[in-house]
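Okay, structure first, notes after.
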Amino acid sequence: MPHTDFSARLIAWQHRHGRHHLPWQVREPYLVWLSEIMLQQTQVATVLDYYPRFTTRFPTVQALAAAPQDEVLSLWQGLGYYSRARNLHKAAQQVVSGFGGVFPSSRRELETLCGVGRSTAAAIAAFAFHQREAILDGNVKRVLCRVFARDGNPADKKFENQLWALAESLLPSEQENMPAYTQGLMDLGATVCKRSKPLCGKCPMAEICQAKAQNRTAVLPRKKAAVEVKTLPLYWLLLRNAEGALLLQKRPQHGIWGGLYCVPCFEKLQDLYDFAARYGMVADNLAESAALTHRLTHRLLLITPLAAKTHRPSENGSDGLWVMPQHWADYGLPKPLHDYLNQPQPALF
DNA sequence: AAGACGTGGTA
DNA sequence: TTACCAAGTCT
């Protein structure tokens with residue numbers, strides 16, 4: 001089966017059945033880049049919510065580069081993988097200071113931007129500059145593993161490289177077809193060649209699909225090894241001052257919720273007590289509420305909130321910022337804290 | 001190079 | 001309820 005058939009089938013299918021009205025389907029590199037970062041490990045429906053907030057607040061790469069990191073993270077709140085937001089901000093500054101505010105058009109140069117790996121760089125190059133570059137995301141891997149019956153361990157570097165080579169061998173010959181081809185790969189994977197119950201009856205590759213011919217669509221691609229989920233107990237100190245402000249701290253740039261704001265958070269209860277003691281608290285002053293669980297990909301967080309009110313003078317400083325409820329929304333908060341504070345009756349003093 | 005890194009959707 | 005994973009990248 002000639003590989004040229006693959007791209008022709010895909011492009012024809014994309015024109016008739018693909019998605020054409022997503023807000024980031026434009027030629028503007030800044031908008032394409034922004035959407036590609038948001039879409040990493042994130043579904044389209046979720047991004048549709050966040051994308052317009054960013055383009056409204058940051059219409060240009062210059063506007064994004066000039067913003068404080070806290071504002072970028074505040075807009076990113078709830079989207080997850082916050083290194084993407086930190087890198088987005090850094091990359092905007094790279095574009096402004098290193099490329100004169102103009103996005104580079106080659107995949108190689110795009111890959112020098114923070115948070116832009118090979119697949120994202122290729123997507124930007126293809127969509128915004130019509131470059132013949134191959135993407136290889138989850139959708140593409142699934143389509144290729146099925147159509148060409150590639151059976152390998154997804155964690156195997158050699159197998160991964162074979163898929164890259166296959167993806168490159170399938171590119172259409174004409175540059176002008178790159179946007180439709182690239183979008184077609186994503187759309188086919190997302191809407192027809194789905195993980196479970198693929199709609200082979202609607203697939204343009206049905207006649208040439210080797211997995212379908214071999215009755216192996218259910219087992220290809222192979223599953224990734226399950227990640228071990230460790231339980232991590234955390235203790236939150238919800239400390240209010242006499243005015244009703246809540247103490248928030250900016251989290252370290254690396255690690256869980258890096259760069260977001262959170263109430264003082266401790267892995268050991270004793271460390272929370274030691275911290276609270278500086279505000280005149282003893283254990284009896286702390287109101288413990290029911291633990292909440294929050295599941296990340298690799299951690300199960302077991303969070304115990306402890307609330308207290310201090311009458312000690314409170315100033316913004318090394319302990320953090322005292323923030324009144326009407327300003328909580330201005331801060332990028334971890335999802336479980338955001339939800340906790342926005343309950344009808346949060347257990348707070 | 002295996003693990004870190006969020007949240008939401010689906011079966 | 002649990003498992004799996006979604007337009008991945010970084011270290």
Side-chain angles (χ1 to χ4, degrees), chain A residues 18-19 22-25 32-51 73 76-88 90-91 110-127 133-143 153-161 163-164 167 179 182-191 193-198 218 221-230 232 251-260 262 293-301 332-339:
Chain A
R19 296 175 286 195
L22 295 170
W24 46 83
Q25 289 180 315
V32 173
W33 163 69
L34 175 61
S35 70
E36 289 301 329
I37 301 300
M38 287 187 164
L39 286 159
Q40 288 171 0
Q41 300 289 282
T42 307
Q43 298 187 344
V44 167
T46 305
V47 172
L48 284 172
D49 238 23
Y50 285 80
Y51 178 82
L73 283 166
W76 202 272
Q77 166 179 291
L79 199 50
Y81 283 152
Y82 299 98
S83 66
R84 290 184 296 169
R86 302 191 303 271
N87 285 331
L88 186 84
K90 281 191 225 160
L110 288 163
E111 275 185 74
T112 67
L113 300 176
C114 292
V116 177
R118 179 171 174 182
S119 192
T120 298
I124 301 167
F127 286 131
E133 294 286 355
I135 61 166
L136 189 65
D137 58 26
N139 285 318
V140 182
K141 287 175 188 172
R142 188 166 55 254
V143 170
N153 178 355
D156 181 8
K157 193 72 182 172
K158 264 196 287 186
F159 181 65
E160 177 93 358
N161 285 335
L163 290 181
W164 272 112
T182 305
Q183 189 68 48
L185 275 176
M186 295 169 164
D187 290 358
L188 187 66
T191 65
C193 195
K194 300 183 296 180
R195 176 166 65 96
S196 56
K197 299 185 183 176
R222 273 214 245 167
K223 291 177 183 173
K224 283 177 261 185
V227 299
E228 184 187 2
V229 180
K230 291 178 183 162
L232 179 64
R251 293 183 59 83
Q253 292 289 320
H254 295 287
I256 291 170
W257 301 321
L260 296 185
C262 190
T293 61
H294 185 77
R295 208 206 133 99
L296 285 62
T297 303
H298 60 305
R299 292 286 183 274
L300 180 61
L301 305 181
L333 306 175
K335 187 64 165 64
L337 179 60
H338 177 267
D339 290 351

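Just the heavy atoms: all of them, side chains too, but no hydrogens, waters or symmetry mates, feed the values below. Protein chains get the first letters and strands the later ones, always in sequence-line order, with residue 1 at the start of each.
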Sequence-distant partners of A:D137, side-chain hydrogen bond (donor to acceptor under 3.5 Å, both in side chains), two or more places apart
none

State whether A:H298 places a side-chain N or O below 4.0 Å from either non-bridging phosphate oxygen (OP1 or OP2) of B:dC5.
yes

Looking at every strand, decide which applies to [X] at a 4.0 Å heavy-atom threshold: base, sugar-phosphate, or nothing.
X: A:T120; result: sugar-phosphate
X: A:W24; result: base
X: A:Q183; result: base
X: A:V116; result: sugar-phosphate
X: A:K157; result: nothing
X: A:R19; result: base
X: A:A155; result: nothing

When you compare the side chain of A:Y82 with that of A:W257, does any pair of heavy atoms fall below 4.5 Å?
yes

Would you say that A:L79 contacts A:T46 through its side chain, given a criterion of any heavy-atom pair below 4.5 Å between the two side chains?
yes

Separation of the C1' atoms in C:dA7 and B:dG3, to the nearest angstrom
22 Å

Give me the distance, rounded to whole Å, that separates B:dG6 from C:dT11 when you measure between the P atoms they each carry.
14 Å

Sorted by chain and number, sequence neighbours left out, salt bridge (Lys or Arg N to Asp or Glu O under 4.0 Å) with A:E36 holds for none

Among all residues two or more places apart in sequence or in another chain, which pass the salt bridge (Lys or Arg N to Asp or Glu O under 4.0 Å) test with A:R86?
none

Between A:H254 and A:D137, whichever has its closest DNA chain C nucleotide further toward 5' is A:D137

Closest-nucleotide 5' rank along DNA chain C - winner of A:E111 and A:K223:
A:K223

Run the numbers on A:K141 and A:E160 for salt bridge (charged side-chain N to carboxylate O under 4.0 Å, His left out), then give the verdict.
CA-CA 9 Å; A:K141 287 175 188 172; A:E160 177 93 358; 3.5 Å; yes

Length of the CG-P vector between A:L73 and B:dG6, whole Å:
10 Å

Can you check the A:R84 CZ to B:dG6 C1' distance for me, whole Å?
8 Å

Where chain A begins and ends its contact with DNA chain C, read 5' to 3' at 4.0 Å from heavy atoms
C:dC4 to C:dC10

Who pairs with A:S196 by side-chain contact (heavy atoms from CB on, under 4.5 Å), at least two apart in sequence or on another chain?
none

Below 3.5 Å is the cut-off: list the nitrogen or oxygen pairs between protein and nucleotides 7-11 of chain B, distance only.
residue	atom	partner	partner atom	Å
B:dT7	OP1	A:Y82	OH	2.8
B:dT7	OP1	A:K335	N	3.0
B:dT7	OP2	A:W257	NE1	3.3
B:dT7	OP2	A:H294	NE2	2.5
B:dT7	O4	A:T297	OG1	3.4

Donor on one side chain, acceptor on other, A:R19 and A:T191, under 3.5 Å:
no

From OG (A:S35) to CD1 (A:I124), nearest 0.5 Å:
8.0 Å

